[in-house]
Structures are given as C-alpha cells and as structure tokens.
Amino acid sequence: MTAEQEQIFVLCVWLKFASVADRDEFIHKFWAPLAEYVKAHEHGTLAYEIAIADSDPLKIQVFERYQTKAYFTDVHQTSEPYLAFKAAQAPWRKEHAVEVTGQSYYETGIGHMTR
C-alpha cells in the first residue's frame with residue numbers, strides 16, 4: 001500500500017435532477033435507507049452525507065469519507081445494501097435523466113473536519 005492509499009479517502013458526487021419531486025424521491029427512496037445502514041454498520045465510513053445546493057434546489061452533493069480507499073472498495077461497495085442501492089437507482093436515474101458527476105480524493109491532513 002502506498003502512503004496515499006493509507007490516507008482518508010473522500011468521494012464527492014454531484015447530481016442534478018429535472019425536478020424537486022425527483023430529487024426528493026431519490027433522497028427518500030434510495031439514499032436514506034442506504035445512509036441508515038452505513039451509519040449503523042460501516043464504522044470505517046467516517047462521513048456519509050447529502051447536501052442540497054443553496055443556489056439551485058435541483059442539485060445535490062453526496063460527500064463520503066472512508067478510513068482508506070480499500071475500505072471503500074472492499075467493504076462499502078461490496079455490502080448487500082449498497083449493491084441493492086446501485087441496482088435499484090441506476091435505471092431510475094436513467095429514466096429521470098439525472099446528471100451525475102464525481103471525483104475522488106485523498107485527504108492531506110492539513111486543516112480539520114471536526115472541532
């Protein structure tokens with residue numbers, strides 16, 4: 001493992017919906033159940049949050065922090081609830097023309113995430 005691979009791994013995903021109704025359906029039907037599971041069972045997931053843009057209610061950001069990238073790939077992405085989430089929401093996103101972009105990062109340790 002490289003030094004970067006041992007650092008905290010962050011994933012940011014941005015989604016844009018056609019309507020507030022679509023956004024809310026995505027959040028409550030797909031996101032919330034998975035977020036509850038992650039909070040209860042994935043102790044190596046340090047943060048798992050969704051935020052609605054203050055300047056455009058059709059945009060959301062998903063912010064995820066993991067102990068390591070390996071935790072993300074080996075634990076989070078292989079859990080049964082995550083696989084069910086991916087399978088259920090992918091066709092829904094396509095049907096509702098949701099735009100998705102994302103980027104992953106390694107934290108530098110400069111600054112802070114909590115007080």
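Counting heavy atoms from C-beta on, the side chains of Y48 and H76 come closer than 4.5 Å. Taking the side chain as every heavy atom from C-beta outward, E42 and S79 approach each other to under 4.5 Å.
Considering every non-hydrogen atom in both H43 and L46, the closest pair reads O-CD2, 4.4 Å. When all heavy atoms of L83 and Q77 are compared, the pair lying nearest together is CD2-O, 3.5 Å. Minimum interatomic distance between G44 and Y71 (heavy atoms only, all atoms of both residues): N-OH, 3.1 Å.
Listed for the T108 side chain is a donor-acceptor partner under 3.5 Å among the backbone atoms of I110.
Comment: R65 engages E107 in a salt bridge, judged by a side-chain N to carboxylate O separation of less than 4.0 angstrom.
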- request: Just do the side-chain hydrogen bond (donor to acceptor under 3.5 Å, both in side chains) check on Y82 and E80 with the steps written out, would you?
  value: CA-CA 5 Å; Y82 175 80; E80 194 59 42; over 6 Å; no

message: I8 vs T68, test: side chain to side chain contact (heavy atoms under 4.5 Å, CB included). Steps then yes/no.
response: CA-CA 5 Å; I8 292 175; T68 62; over 6 Å; no

query: Does the side chain to side chain contact (heavy atoms under 4.5 Å, CB included) test come out yes or no for V13 and T101, once each step is laid out?
result: CA-CA 6 Å; V13 179; T101 58; over 6 Å; no

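Taking hydrophobic clusters as Ile, Leu, Val, Met, Phe, Trp and Tyr residues chained together by side-chain heavy-atom distances below 4.5 Å, L58 does not share a cluster with F63. Both F17 and V62 belong to a single network of hydrophobic side chains, linked directly or stepwise wherever heavy atoms of I, L, V, M, F, W or Y lie under 4.5 Å apart.
Among residues two or more places apart in sequence or in another chain, the side chain to side chain donor-acceptor pair (under 3.5 Å) test is passed with W92 by E25, H96.
Ring to ring, F9 and Y106 are close: their centroids are under 6.0 angstrom apart.
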